[in-house]
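In what follows, residues are counted from 1 in the order of the sequence shown. Since we're looking at a predicted model, the values are computed, not measured.
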Amino acid sequence: MKKRLIQKLFMMLLVCSMLFGSASVETAYAKVAPGEKSMYDVLTPKLTKAAFDYMNDVYVKRYPKLGLRLKYGTKKDQDVIRTLALKVTKGCKTNQEKTDKIAHWIQENILYKGGTSAYAIDTFYERKGNCVSDSELMKDMLRSLGIPAVVADGFYANMKEVPAYGTIGGHSWCYAYIDGTWKLYDIVYKKYGWSNQNEIAKYYYHEWIEGTLLTFEGMDWEKMTNGNIETVYENGKFFGKRNGKIATDEIVGYRLNDVLFCGVTKQDNATHTLITNPERTEQMEMGQLYTDGWLRAKNGGLVYVYENGMMADNVFMEYEGKPYYMYYGWALKMEIPEKNCSMGYGLLYISKGYQGKSFQFSNFEKYEKNGDYTITYQSDKPKVIEMRQDGTIHCKSEGTAKITVKVYKKGENKVVEECNTMLGVWKETTPDYMPTRYNPYEKKRIKITSAKSRKKKKISVSWKKMQYAAGFEVMYASNKKFTKNKKCKETKKTSITLKKLKSKKVYYVKVRSYMEKYGMKFYSKWSKAKRVRVK
């Protein structure tokens with residue numbers, strides 16, 4: 001299988017996650033100079049309109065099922081996300097209430113962290129993520145409840161301050177289709193339910209909707225795309241273009257952003273066939289993407305392409321009643337029961353201890369019953385996964401391994417075809433649906449500005465104000481370890497006077513703040529202790 005056809009999707013997602021890691025802070029950009037036009041003046045209103053037009057035409061009018069598909073994971077993984085969504089939205093009566101509840105749950109329970117997985121199931125288990133992770137999790141939770149949703153990629157900033165075509169850090173957010181309207185939800189910047197296009201254009205630069213470049217009449221292709229191949233949507237069809245022109249020689253199996261696409265080139269000449277709709281293949285134009293169905297590639301391999309030209313990846317699907325696992329867009333015929341499988345960071349993991357039949361690359365199926373060929377299997381880490389020469393597998397210990405499958409013609413030592421895949425082994429865990437409720441104060445510490453005894457038997461203490469603090473606790477004792485004569489006082493102010501102390505004695509004082517959330521108190525770290533001798 002050609003290397004350019006099997007780009008490592010999960011690695012790209014990881015890179016995207018790292019790129020988007022700056023989204024939780026103000027994005028750095030050059031300010032508009034006097035007389036210079038801004039992003040808002042030139043681009044963002046047009047791009048916002050293009051985004052809404054595209055979502056309405058594709059996800060509402062033409063392909064309503066596309067915005068409801070769960071495109072990642074095994075049935076078990078998808079059931080975990082669905083169960084989470086049902087638990088979070090319990091008691092909600094409308095789609096608006098459900099969407100708001102999901103957005104707030106993610107904001108309160110997923111700790112922001114750059115460089116994390118962009119996949120929803122990983123975000124749920126680890127309770128850590130960034131803008132991509134939050135948006136993907138929200139999208140999948142909504143879709144599991146039958147609420148159409150998509151993820152948009154682009155930039156976030158005050159677009160009236162950014163020069164036209166300026167450089168800004170990447171960002172992702174989610175759109176939910178509620179009561180006939182697309183509404184923007186940005187977990188990182190806490191923008192919930194925005195639908196006014198003019199307001200959205202002030203802060204959001206839309207680049208892609210699930211891998212499709214947003215375009216408008218008269219756009220500057222060179223400045224907008226930097227010469228990259230892009231998937232675009234024109235007159236109800238998807239095409240691959242470079243600088244606005246059909247990329248006829250480069251479109252088959254190319255990767256864009258975080259997805260794989262498959263389309264027609266001059267060399268390909270549409271010889272791939274959409275099995276489920278073969279007549280459509282004959283009508284395809286150069287550069288047009290294959291869409292909506294199972295495709296049989298020239299090498300005999302199976303591919304499933306969604307309605308927007310994306311190749312199905314990291315998900316189980318059925319063809320002619322048989323289960324297939326989609327790997328970097330290509331299908332592996334699976335004989336490992338799906339109940340023994342789960343996804344993690346874009347890899348298929350199999351339950352530790354599983355022994356039995358394994359898989360076959362779909363383009364190798366033609367060799368299985370042909371006596372003129374021999375198929376061999378090899379694992380680069382047999383202590384993790386042992387592959388036997390009859391094609392069976394033994395998952396021995398937790399870890400990952402590269403599995404290589406080769407086809408030889410009998411009597412010859414020449415490899416006819418070779419493919420490989422990465423597999424993992426894990427010990428199954430029980431999903432925890434309880435709220436995490438991260439303590440936003442856990443790493444913060446109050447600073448005492450003054451601790452003095454100005455009057456007999458009294459100590460006056462003051463400290464710096466802390467954001468979001470609902471109150472403060474002041475602890476004092478007669479030893480450094482705060483074990484002797486320990487007492488604690490609570491106050492809403494940033495100062496207090498401790499009374500009825502023993503004169504001529506030394507006391508130690510420390511302070512911490514607390515905030516109230518979820519009906520609970522969350523405390524900061526204690527300040528450094530101050531030593532005071534009482535008058």
If you round to the nearest 0.5 Å, how far is [atom2] of [Y] from [atom1] of [X]?
X	Y	atom1	atom2	result
L423	I385	CG	CD1	5.0 Å
I336	T74	CD1	OG1	12.5 Å
T99	L145	OG1	CG	8.5 Å
M334	S362	CE	OG	12.5 Å
T374	E412	OG1	CD	11.0 Å
W294	L274	CH2	CG	12.0 Å

Next on the checklist: Show, in sequence, the C-alpha distance, side-chain angles and deciding distance for L348 and Y327, and conclude whether the side chain to side chain contact (heavy atoms under 4.5 Å, CB included) test is met.
Outcome noted: CA-CA 9 Å; L348 181 66; Y327 177 71; over 6 Å; no
Search all heavy atoms of [X] against all heavy atoms of [Y] and return the closest pair with its distance.
X	Y	result
M387	S379	CG-CB, 4.1 Å
K49	Q197	CA-OE1, 3.4 Å
V425	K352	CG1-CA, 3.6 Å

Neighbour count >12 (heavy atoms, 6.0 Å) for atom [atom1], [X]:
X	atom1	answer
K76	NZ	yes
Q389	CD	yes
K366	NZ	yes

Checking side-chain polar atoms at under 3.5 Å, does [X] have a donor or acceptor matched by the opposite partner on [Y]?
X	Y	answer
Q96	D179	no
E368	Y373	no
Y40	N198	yes
Y328	N314	no
T404	N420	no
N130	S133	yes

Quick check with a 6.0 Å cut-off and a 45 degree axis cone: is [X] positioned over the face of [Y]'s six-membered ring?
X	Y	result
K333	Y324	no
K71	Y306	yes
K191	Y203	yes

Checklist entry - Is the backbone N or O of K75 less than 3.5 Å from a side-chain atom of E338, with the two atoms forming a donor-acceptor pair by type? => result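 Flag set: sc E338 to bb K75 pair under 3.5 Å.
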Checklist entry - Taking the side chain from R62 and the backbone from N56, do they hold a donor-acceptor pair closer than 3.5 Å? => result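 The answer is no, because no donor-acceptor pair under 3.5 Å joins these two groups.
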Any side-chain heavy atom of [X] within less than 4.5 Å of one from [Y]?
X	Y	result
K202	M159	no
W173	H206	yes
I106	I102	yes
I375	Q360	yes

Item to check | Candidate pair K113 and E126, rule salt bridge (Lys or Arg N to Asp or Glu O under 4.0 Å), full reasoning | outcome: CA-CA 11 Å; K113 188 174 179 63; E126 297 178 359; over 6 Å; no
Next on the checklist: Using a strict threshold of under 4.0 Å (side-chain N to carboxylate O), is an ion pair present between R143 and D140?
Outcome noted: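 Salt bridge between D140 and R143, a charged N being under 4.0 Å from a carboxylate O: no.
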Checklist entry - Is any NZ, NE, NH1 or NH2 atom of the basic residue among K427 and E398 found under 4.0 Å from an Asp or Glu carboxylate oxygen of the other? => result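 Here K427 does not pair with E398 in a salt bridge, since their nearest N and O are not under 4.0 Å apart.
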Checklist entry - Between N308 and E210, does a side chain to side chain donor-acceptor pair (under 3.5 Å) hold up when you go through it step by step? => result CA-CA 9 Å; N308 60 350; E210 297 201 330; 4.5 Å; no
Checklist entry - For the rings on Y156 and Y189, is their centre-to-centre separation under 6.0 Å? => result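 Yes, the ring centres sit under 6.0 Å apart.
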Checklist entry - Does the separation of the ring centres of Y233 and Y54 fall below 6.0 angstrom? => result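 When the ring centroids of Y233 and Y54 are compared, they turn out to be within the sub-6.0 Å range.
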Next on the checklist: If we check ring-ring contact (aromatic ring centres under 6.0 Å, His included) with F52, which of these qualifies: Y175, Y59, Y204?
Outcome noted: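 Looking at Y175, Y59, Y204, the match for F52 under the ring-ring contact (aromatic ring centres under 6.0 Å, His included) is Y175.
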Checklist entry - According to the interplanar angle, ranging from 0 to 90°, do the rings of H272 and Y290 count as parallel (below 30°), tilted (30 to 60°) or perpendicular (above 60°)? => result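 Parallel.
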Next on the checklist: Going by side chain to side chain donor-acceptor pair (under 3.5 Å), name the residues that satisfy it together with E307, two or more places apart in sequence or in a different chain.
Outcome noted: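 Partners of E307 by the side chain to side chain donor-acceptor pair (under 3.5 Å) criterion, ordered by chain and then number, come out as R69.
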